[in-house]
Structures are given as structure tokens and as C-alpha cells.
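Read through the structure below, which is laid out as C-alpha cells, and then see the notes.
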Amino acid sequence: MAMRNADLVARDLKSVWHPCTQMKDHESLPLIPIKRGKGVWLEDFEGNRYIDAVSSWWVNIFGHANPRINAAIQHQIGELEHVILAGFSHEPVVNLSERLIEVTPPGLNKCFYADNGSSAIEAALKMSYHYWKNQDKPAKKNFVNLSNSYHGETLGALALGDVSLYKDTYEPLLMKVMTAPSPDAFNKEPGETDEAYALRQFEAMEQLLAEKHDEICAVVVEPLIQCAGGMRMHHPVYHTRLREACDRYNVHLIADEIAVGFGRTGTLFACEQAGITPDFMCLSKGLTAGYLPLSVVLTTDDVYQAFYDDYETLRAFLHSHSYTGNPIGCAVALATLDIFRDDNVIENNRRLSQCMADSVAHLADHPHVGDIRQHGMTMAIEMVKDKASKTPYPWQERRGIKVYQHSLTREALLRPLGNVVYFMPPYVITEDQIRHLAKVAEEGINIATGA
């Protein structure tokens with residue numbers, strides 16, 4: 001007897017605690033059990049299909065069941081599934097490290113591996129602090145973040161975030177950080193350009209670094225898009241100035257490109273648009289195209305050398321994860337980089353990005369759309385109660401849920417962030433599929449806002 005959606009959902013609700021979910025919602029908001037995926041499509045047990053417009057939490061960049069990535073996994077499984085990376089090595093991790101050094105901004109010459117984005121952030125924080133300790137500057141032990149930022153859910157990463165929904169409950173457990181105002185262009189004055197606003201906002205960061213640099217290890221930023229903070233976006237000039245200031249004040253710059261790396265912003269990495277090399281670049285999500293957990297912290301020779309010494313000095317970076325540099329994960333990442341190299345992905349994405357922009361441009365006149373913003377293959381439409389003042393709807397009204405529910409009836413998975421409807425699809429999406437998502441989003445926004 002064929003499995004039905006309801007059968008698996010009933011079993012699920014008895015045993016699975018889902019992430020980022022108030023489980024009581026599922027008394028009225030049905031789970032969607034997925035049987036298979038192919039390309040941009042997800043399919044449930046009863047044959048209903050959904051375009052994965054959010055890339056299954058921003059990870060899937062080349063579609064589900066991609067044959068080239070599948071083949072890479074199958075080959076690697078036959079060779080080596082895993083080996084300890086302390087004292088041992090393997091070809092996939094060496095090949096991947098060489099390839100990442102080749103494609104990331106110049107000067108990032110060492111790769112340290114972890115399992116997921118939060119773990120990469122944790123490693124970068126510890127590396128930065130430990131670097132300054134090894135440089136006989138123990139007073140440098142604080143970090144700077146941006147308002148509305150998000151860097152993960154482990155305690156160190158969560159402390160670096162500034163989204164109260166995720167952070168406030170755990171505040172007593174978290175280290176204290178310094179917060180500078182975000183260059184988020186949503187808050188610019190009428191007639192002010194994104195660039196001018198970013199430069200104006202940078203003044204506060206400059207002042208903070210000038211006053212407190214002796215106690216600051218690093219500034220941690222999400223270049224161009226604050227994803228979990230409502231897909232808020234800003235101009236790259238902010239990071240150009242920040243790099244200059246970090247150099248001037250002897251402070252590290254950590255670029256969290258976990259969500260925005262691998263083509264999401266229109267270039268392979270967001271830092272390229274600012275023309276900078278951070279001291280640490282954290283990568284995950286698109287690194288393995290949505291297949292397996294893997295993350296990496298790329299850093300400089302200068303940072304690496306600060307830990308390179310005789311064992312007895314205890315200057316080594318004694319940080320590890322069991323699955324560090326997993327060969328299968330590395331093989332998947334290499335296949336991902338091969339696709340970028342061979343298939344003209346970034347150029348093709350420009351055409352898709354333009355289609356995305358054109359398909360929703362008319363919503364700028366919608367009475368309850370306060371902003372449409374885009375960097376490359378990431379597009380966001382923000383619903384507001386009052387357009388003139390950009391007054392938000394109360395979060396308790398959960399209007400985004402109405403867009404989500406409607407999208408499921410129209411062969412689409414759109415999972416808004418609060419009142420923000422966004423597209424972050426796999427790069428194998430077609431222009432017709434983008435136009436369908438735009439139509440579904442418009443319908444959902446009309447339902448949610450009563451327009």
C-alpha cells in the first residue's frame with residue numbers, strides 16, 4: 001500500500017521536533033512530507049509538487065538530485081567515506097582547499113574545516129581571540145557586530161547576532177558584544193542613495209573602532225545581505241570602508257558568507273563587490289549545494305603563522321569536530337565548484353536575476369509593499385501596514401504565513417521571514433518558473449494584506 005501524506009505526518013508528529021517551529025502550529029498548519037526532489041521541484045507522497053523557491057533554507061544551488069553531484073558522491077563512497085583529519089589527510093580535502101584558495105579573494109591561503117555555518121563562526125571567533133593572545137595582546141577579547149545581524153545558533157554565534165526573536169531568550173548565557181548600526185538601506189532617508197546611507201552609517205563604526213580598538217578582536221559582518229534579519233540589504237562601499245578601518249585600527253574582519261557566498265549576490269562571493277579580502281571568510285550552505293553538512297574558515301598566512309610554534313608553547317589551535325573535512329562532503333564541494341567553472345553559472349544568473357527583477361517590478365506600486373530589494377539571485381518584497389511611513393504590520397498578525405499557505409496551493413514553497421516574502425531559488429530555475437513564483441507571491445501578498 002502506497003504511503004499517504006497523512007500517514008507520514010502522523011508518525012512524524014509523534015517523534016520529530018522540527019527546527020525554528022512552534023510545534024503547536026501543526027495542529028492547524030499541516031506538515032508537507034516530501035518523497036523526492038528533482039531540479040527545482042519537491043514532490044510529496046501524493047504527487048503534489050512545489051518549486052523550492054527558498055533552496056531548502058538557502059543551501060540548494062544546483063537543484064535536487066543533481067546528476068553530477070550524485071555521481072561525485074557515488075565515486076567517493078567507493079574510495080573513502082571518512083578518516084580523522086588530525087595526523088591524516090586525503091585527496092578530496094587537499095583538492096578542495098586548493099580550489100577554494102584559487103576562487104576566494106586573494107590572500108586567503110589556509111582552510112580550516114567544520115560541519116556547519118555556526119561551527120565555522122565559532123572557529124573564526126576563537127581563532128581571532130587566540131591570535132591576539134598569541135600576539136601578547138590579551139586585552140583584545142571583544143567583538144563587534146551590526147544591528148539586525150545573524151550568525152548562527154550556537155552560543156558564540158548567537159551572541160554575535162542581533163535578531164531578538166532568536167537571541168533574547170538566551171541572553172543570560174551569551175557573551176557581551178559591541179553593536180554598530182547596520183547600513184541597511186531600508187532605513188535611508190527619502191532621496192538618499194544606498195551608498196550615501198551606508199557611508200553615513202559607517203561613521204558610527206569608525207568611532208567605535210577608534211575608541212575601543214585596543215579591546216576588539218574582530219568585526220563580524222554578513223556582506224550585502226542580512227538574511228535572517230529579513231533579507232535586508234546594503235551597499236558594498238560599507239565593507240570597503242570597514243576593511244580600511246580594520247587595517248587602520250589593527251582589528252580583524254570576519255566575513256560571514258555562509259548564506260551569501262557561492263553566487264547569491266551576483267558575484268561568486270559578496271566580498272568581491274567591495275574589493276576586499278577579510279581576515280577570515282566563513283563558508284557553508286552553497287559549498288555543498290544542499291547535499292551534506294560542511295563548512296570552512298579561510299584565513300591568511302599571517303593568522304596561520306601566529307599559531308605555528310613548538311608544541312610546548314601551547315600556541316596551537318586545539319579545536320576539532322569529528323567530521324572535519326569529511327571526504328564525501330569535500331567531493332560534493334568539488335563537484336559544486338566544477339559546475340561553477342564549467343557552466344557559466346554567474347553569467348547565467350545575471351539573466352535570471354533580471355527576470356526576477358522584471359517579474360515583480362510592478363509591485364512597487366502596491367499599497368502594502370514598502371520595499372523591493374535585490375542582490376543577484378536574492379530578491380525580497382517587504383509587506384507594510386502603511387506605505388508612506390513604512391510602518392510594519394504587527395509581528396503577531398503573522399501575515400507571512402498567509403503567503404506561505406497560499407503558495408502551497410500554487411505549486412510553490414515560499415517561506416517568508418515575518419512580513420518579508422523572498423525568492424532565493426536554485427540556479428537551475430527557469431524564467432517561466434520565476435514568473436510563476438512572482439505571480440504566486442503577488443496573489444499571496446494580496447491575500448495577506450487584504451488588497
Side-chain angles (χ1 to χ4, degrees), residues 101 103-110 121 124-125 127-129 131-132 135 137 139-149 151 160 162 177-185 187-188 192-226 229 232-258 260-261 265-283 297-306 375-376:
I101 290 166
V103 299
T104 51
L108 296 172
N109 295 327
K110 292 292 186 292
I121 294 294
L125 297 180
M127 278 184 183
S128 179
Y129 164 75
Y131 170 93
W132 296 115
Q135 300 288 73
K137 294 186 177 180
K140 291 172 81 71
K141 57 186 178 182
N142 293 327
F143 294 91
V144 177
N145 68 356
L146 294 177
S147 59
N148 194 45
S149 58
H151 298 285
L160 263 292
D162 188 55
V177 300
M178 305 174 187
T179 301
S182 169
D184 169 16
N187 297 314
K188 66 188 178 185
E192 189 174 25
T193 66
D194 292 5
E195 181 175 9
Y197 183 72
L199 290 171
R200 182 157 64 87
Q201 290 297 91
F202 182 72
E203 293 172 8
M205 175 68 81
E206 173 84 37
Q207 183 176 350
L208 177 58
L209 292 175
E211 294 176 357
K212 302 286 189 178
H213 62 272
D214 286 340
E215 58 188 271
I216 295 171
C217 295
V219 179
V220 187
V221 293
E222 303 161 274
L224 302 188
I225 308 175
Q226 293 184 310
R232 292 291 182 84
M233 303 184 186
H234 54 269
H235 195 279
V237 71
Y238 187 91
H239 302 291
T240 308
R241 292 294 176 87
L242 179 58
R243 175 70 278 179
E244 294 168 354
C246 286
D247 288 342
R248 191 161 58 250
Y249 293 112
N250 207 25
V251 169
H252 285 147
L253 176 57
I254 300 175
D256 175 355
E257 292 228 15
I258 290 159
V260 300
T265 66
T267 47
L268 191 58
F269 299 105
C271 282
E272 295 174 35
Q273 295 180 46
I276 65 165
T277 297
D279 299 288
F280 303 88
M281 179 181 277
C282 299
L283 303 174
V297 181
L298 286 100
T299 191
T300 64
D301 289 328
D302 174 64
V303 170
Y304 177 81
Q305 287 299 325
H375 273 308

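- Side-chain atoms of Leu146 and Asp162, non-hydrogen and from C-beta on, never get closer than 4.5 Å to each other.
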message: Please determine whether side chain to side chain contact (heavy atoms under 4.5 Å, CB included) holds for the pair Tyr238 and Met205, giving the CA-CA distance in whole Å, both sets of side-chain angles, and the decisive distance to 0.1 Å.
response: CA-CA 10 Å; Tyr238 187 91; Met205 175 68 81; 3.5 Å; yes

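- Atom CG in Leu125 sits 15.5 Å away from atom NZ in Lys141 (nearest 0.5 Å).
- Note that CG of Leu224 and CE of Met233 are 9.5 Å apart. Values are rounded to the nearest 0.5 Å.
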message: Test side chain to side chain contact (heavy atoms under 4.5 Å, CB included) on His234 and His239; report intermediate values, then the result.
response: CA-CA 10 Å; His234 54 269; His239 302 291; 2.8 Å; yes

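- No hydrogens or angles considered: a donor-acceptor pair under 3.5 Å links the side chains of Glu206 and Tyr249.
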field: Audit row: Ile258, Ile121, side chain to side chain contact (heavy atoms under 4.5 Å, CB included) steps and yes/no
entry: CA-CA 9 Å; Ile258 290 159; Ile121 294 294; 3.8 Å; yes

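- With hydrogens and angles left out, the side-chain atoms of Ser182 and Gln201 include no donor and acceptor closer than 3.5 Å.
- Thr277 approaches Pro105 most closely through the heavy-atom pair OG1-CB, 3.4 Å.
- Judged purely by atom type and a 3.5 angstrom limit, Glu195 has no side-chain atom pairing as donor or acceptor with the backbone of Val237.
- For Ala180 against Leu208, the heavy-atom pair with the smallest separation is CB-CD2, 4.4 Å.
- What you find for Val297 and Cys282 is that their closest heavy atoms are CG2-SG, 4.2 Å.
- With Lys140 contributing its side chain and Ile216 its backbone, the two residues share a donor-acceptor pair below 3.5 Å.
- When all heavy atoms of Leu160 and Phe143 are compared, the pair lying nearest together is CD1-CB, 4.1 Å.
- Considering only heavy atoms from C-beta on, Thr265 comes within 4.5 Å of Ile225 through its side chain.
- Side-chain atoms of Ser149 and Glu222 form no donor-acceptor pair, as typed in the model, at a separation below 3.5 Å.
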query: Do Phe280 and His252 pass the side chain to side chain contact (heavy atoms under 4.5 Å, CB included) test, and can you show the C-alpha distance, the side-chain angles, and the key distance before you say yes or no?
result: CA-CA 8 Å; Phe280 303 88; His252 285 147; 3.6 Å; yes

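- When side chains are defined from C-beta on, Val177 does not count as touching Asn142, because their heavy atoms never get closer than 4.5 Å.
- Counting heavy atoms from C-beta on, the side chains of Pro183 and His235 never come closer than 4.5 Å.
- In this structure, the separation between CZ on Phe202 and OG1 on Thr240 is 10.0 Å, given to the nearest 0.5 Å.
- Side-chain atoms of Glu211 and Gln207 form a donor-acceptor pair, as typed in the model, at a separation below 3.5 Å.
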message: Would Asp302 and Lys110 count as a salt bridge (Lys or Arg N to Asp or Glu O under 4.0 Å) here? Give the steps.
response: CA-CA 10 Å; Asp302 174 64; Lys110 292 292 186 292; over 6 Å; no

Verdict with reasoning, Asp194 to Lys188, per salt bridge (Lys or Arg N to Asp or Glu O under 4.0 Å): CA-CA 7 Å; Asp194 292 5; Lys188 66 188 178 185; 2.5 Å; yes

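- Here the side chains of Val219 and Val251 are in contact, with some heavy-atom distance below 4.5 Å.
- Atom CZ of Arg243 has more than 12 neighbouring heavy atoms from other residues, nucleotides or ligands inside a 6.0 Å radius.
- For the 3.5 Å distance criterion, the side chains of Asp301 and Asn109 qualify, holding a donor opposite an acceptor.
- Pro223 has its side chain out of reach of Pro236: every pair of non-hydrogen atoms, C-beta onward, lies at least 4.5 Å apart.
- Here Ile276 contributes atom CD1 and Leu242 contributes atom CG; the two are 7.0 Å apart, rounded to the nearest 0.5 Å.
- The side-chain heavy atoms of Glu215 and Met178, taken from C-beta on, include a pair separated by under 4.5 Å.
- Taking SG from Cys217 and CG from Asn250, the interatomic distance works out to 11.0 Å, rounded to the nearest 0.5 Å.
- Around the CD atom of Gln305, the shell of radius 6.0 Å holds more than 12 heavy atoms that belong to other residues, nucleotides or ligands.
- For Gln273 (side chain) and Ala270 (main-chain N/O), no donor-acceptor pair under 3.5 Å exists by modelled atom type.
- Side-chain contact between Asp256 and Val221: absent, with no pair of heavy atoms (C-beta onward) separated by less than 4.5 Å.
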query: Please walk me through it: do Asn145 and Thr179 pass side chain to side chain donor-acceptor pair (under 3.5 Å)?
result: CA-CA 5 Å; Asn145 68 356; Thr179 301; 2.7 Å; yes

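- To the nearest 0.5 Å, atoms CE (Met281) and CD (Glu257) are separated by 4.0 Å.
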